[in-house]
Amino acid sequence: MRHNWWRWLLGIVIVVGIFLPSTVWMHQRISKYKTNYKTPLNPTIMVPGSSASQNRFDALIKQLRSETKSAHSVLKVKVAENGQLSYTGSIRQGDNQPFIVIAFENNHDGYENINKQAKWLSIAFKDLVKTYHFNHFSAMGHSNGGLILSVFLEKYFGETKHVAIDKLMTIATPYNMESDSTTTQTAILKELIAGRSNLPKKLTVYSVAGTENYSSDGTVPANSVNQGKYVFQNQVAHYTQITVTGSNTTHSDLPQNKQIVLLMRQYLLKEKLPAKDRYKRQKANASSSITGETGLP
């Protein structure tokens with residue numbers, strides 16, 4: 001028996017030689033599965049603009065609920081200045097496309113506040129991921145809400161591992177604030193351009209502008225909205241600029257604009273529009289128009 005020790009040693013070497021590669025392979029497969037797997041839960045996070053509360057999108061959500069096949073549930077989150085979160089509403093069991101509205105106790109305008117709100121958004125976002133265990137989502141921001149989301153994506157989104165953002169739609173977002181200039185850059189635009197390399201590379205972005213007179217929606221200059229191209233172009237997978245003109249294109253009306261609701265249904269909720277809605281869109285184009293500066297993916 002003492003003379004057979006080398007056989008036992010050879011057996012151990014063979015077992016280890018088989019086991020170790022198998023373990024490495026298994027860990028690689030699990031890691032790849034986790035990377036590629038998308039949770040059924042795929043919320044749309046909505047961020048309102050300055051001076052707006054968590055109820056800002058109630059009319060929009062009512063429209064989306066009435067026009068889509070799914071009765072989307074709604075969860076609202078309000079972030080206090082100390083980072084404390086308060087929730088109203090809930091995500092209904094079995095609803096994989098809920099709406100989550102994130103608003104702020106301090107909802108004032110201004111460069112410094114937008115940066116604070118982006119940080120508060122990250123606090124709410126981390127808590128939502130921890131609570132509801134989703135690993136991908138889409139987002140929509142109206143007015144400064146689009147700026148808050150953009151700053152969040154550049155500065156804080158990378159802190160949450162294994163979560164992807166699929167689509168971002170900004171509506172009347174003033175990337176150059178109130179400036180109508182195509183050459184002068186405000187502080188927020190400079191910051192976003194400087195940090196654009198941090199944007200998620202697989203992201204699809206739709207930047208929507210509304211114009212009463214082809215130059216402004218009554219509050220935000222169209223040129224300011226269009227400066228978003230310097231932030232997103234050549235940084236994300238797809239970037240599309242869309243201009244909506246005609247009726248109900250004032251700044252405050254845009255989230256409820258029928259054309260924008262259709263855009264949200266088609267691009268954020270990935271809904272295949274039925275014939276009647278395609279006809280509505282064509283009919284509405286008689287008094288309003290949608291133009292894309294890049295192809296709509």
Side-chain angles (χ1 to χ4, degrees), residues 45-54 56-57 79 81 101-122 139-157 168-199 203 205-236 239-245 249-257 260 291 293-294:
I45 293 176
M46 301 180 174
V47 180
S50 297
S51 302
S53 73
Q54 62 269 35
R56 173 65 179 91
F57 298 121
V79 190
E81 290 198 69
V101 182
I102 302 177
F104 312 99
E105 179 184 45
N106 177 353
N107 57 11
H108 301 309
D109 197 358
Y111 173 64
E112 289 185 6
N113 259 5
I114 289 169
N115 272 283
K116 290 178 182 178
Q117 289 154 359
K119 177 63 176 177
W120 294 326
L121 172 60
S122 74
M140 184 275 283
H142 174 239
S143 191
N144 281 352
L147 289 177
I148 296 165
L149 279 163
S150 300
V151 174
F152 161 72
L153 289 175
E154 288 190 358
K155 296 178 74 172
Y156 304 109
F157 180 61
L168 169 66
M169 180 176 287
T170 60
I171 301 172
T173 292
Y175 283 97
N176 208 22
M177 300 304 282
E178 295 86 7
S179 175
D180 191 36
S181 174
T182 57
T183 55
T184 302
Q185 296 179 346
T186 59
I188 188 72
L189 180 57
K190 289 179 180 177
E191 177 181 331
L192 287 169
I193 291 173
R196 61 186 177 175
S197 62
N198 296 323
L199 290 166
L203 176 62
V205 178
Y206 303 98
S207 176
V208 184
T211 60
E212 290 183 298
N213 51 17
Y214 294 94
S215 64
S216 171
D217 61 15
T219 301
V220 173
N223 280 340
S224 181
V225 178
N226 294 339
Q227 296 304 296
K229 62 188 176 186
Y230 297 113
V231 178
F232 295 106
Q233 277 185 346
N234 302 318
Q235 301 297 321
V236 298
Y239 172 71
T240 302
Q241 287 183 267
I242 303 169
T243 301
V244 178
T245 63
T249 52
T250 59
H251 188 72
S252 59
D253 287 338
L254 283 170
Q256 299 83 241
N257 178 282
I260 292 177
T291 58
E293 294 190 6
T294 64

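Proximity of a side-chain donor or acceptor of Asn223 to a complementary backbone N or O of Ser181 within less than 3.5 Å is not detected. In this structure, the side chain of His251 does not engage the main chain of Ser216 through any donor-acceptor pair within 3.5 Å. For Gln117 (side chain) and Gly49 (main-chain N/O), no donor-acceptor pair under 3.5 Å exists by modelled atom type. A donor-acceptor pair under 3.5 Å is absent between the side-chain atoms of Ser224 and the main chain of Asp180, judged by distance alone. In terms of modelled atom types and a separation under 3.5 Å, the side chain of Asn115 and the main chain of Tyr111 share a donor-acceptor contact. Of the possible polar contacts, one joining the Asn176 side chain to the Thr184 backbone as a donor-acceptor pair under 3.5 Å is found. Glu105 contributes a side-chain N or O that, together with a main-chain N or O of Glu81, makes up a donor-acceptor pair within less than 3.5 Å. With hydrogens and angles ignored, the 3.5 Å screen pairs no side-chain donor or acceptor of Thr243 with any backbone N or O of Ala209.
Looking at heavy atoms from C-beta onward, Leu147 lies in side-chain contact with Pro174 at the 4.5 angstrom threshold. Contact check for Gln227 versus Ile193: no side-chain heavy atoms found under the 4.5 Å cut-off. Contact annotation: the side chain of Phe104 approaches that of Val47 to within less than 4.5 Å [non-hydrogen atoms, C-beta and beyond]. Side-chain contact between Asn106 and Trp120 is present, with at least one heavy-atom pair separated by less than 4.5 Å. Counting only heavy atoms from C-beta outward, the side chains of Val79 and Leu121 never approach each other to under 4.5 Å. Within the 4.5 Å cutoff, side-chain heavy atoms of Val231 are placed close to those of Leu199. The shortest side-chain heavy-atom distance between Glu191 and Lys155 falls under the 4.5 Å cut-off. Within the 4.5 Å cutoff, the side chain of Leu149 has heavy atoms near those of the Leu168 side chain.
The distance from the CD1 atom of Ile188 to the NZ atom of Lys190 is 12.5 Å, given to the nearest 0.5 Å. Distance check: Phe57 CZ to Gln256 CD gives 9.0 Å after rounding to the nearest 0.5 Å. In this structure, CD1 on Ile242 lies 9.5 Å from OG1 on Thr170, to the nearest 0.5 angstrom. To the nearest 0.5 Å, the span separating CD1 on Ile260 from NE2 on His142 amounts to 8.0 Å. Between the CG atom of Leu203 and the CG atom of Leu153 there is a distance of 6.5 Å, given to the nearest 0.5 Å. A distance of 7.5 Å separates OG of Ser51 from NE2 of His108, quoted to the nearest 0.5 Å.
Taking all atoms of both residues into account, the shortest heavy-atom contact from Arg196 to Gln235 is O-OE1, 3.5 Å. Scanning both residues, Gly146 and Thr173, for their nearest heavy atoms gives CA-OG1, 3.4 Å. Looking at every heavy atom in both residues, Ile102 comes nearest to Pro48 through O-CD, 3.2 Å. A pairwise comparison of heavy atoms in Ala172 and Leu254 identifies CB-CD1, 3.6 Å as the closest pair.
Taking the six-membered ring where tryptophan is involved, the planes of Tyr239 and Phe232 are essentially parallel, since the angle between them stays under 30° and well short of 60°.
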Stepwise side chain to side chain contact (heavy atoms under 4.5 Å, CB included) check, Thr211 with Thr249: CA-CA 6 Å; Thr211 60; Thr249 52; 6.0 Å; no
Audit row: Ile114, Met177, side chain to side chain contact (heavy atoms under 4.5 Å, CB included) steps and yes/no: CA-CA 11 Å; Ile114 289 169; Met177 300 304 282; 4.3 Å; yes
Test side chain to side chain contact (heavy atoms under 4.5 Å, CB included) applied to Ile171 and Asn257, step by step: CA-CA 11 Å; Ile171 301 172; Asn257 178 282; over 6 Å; no
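A donor and an acceptor atom, one from each side chain of Gln185 and Tyr230, are nowhere located under 3.5 Å apart. For the residue pair Tyr175/Ser207, the side-chain donor-acceptor check at 3.5 Å is not satisfied.
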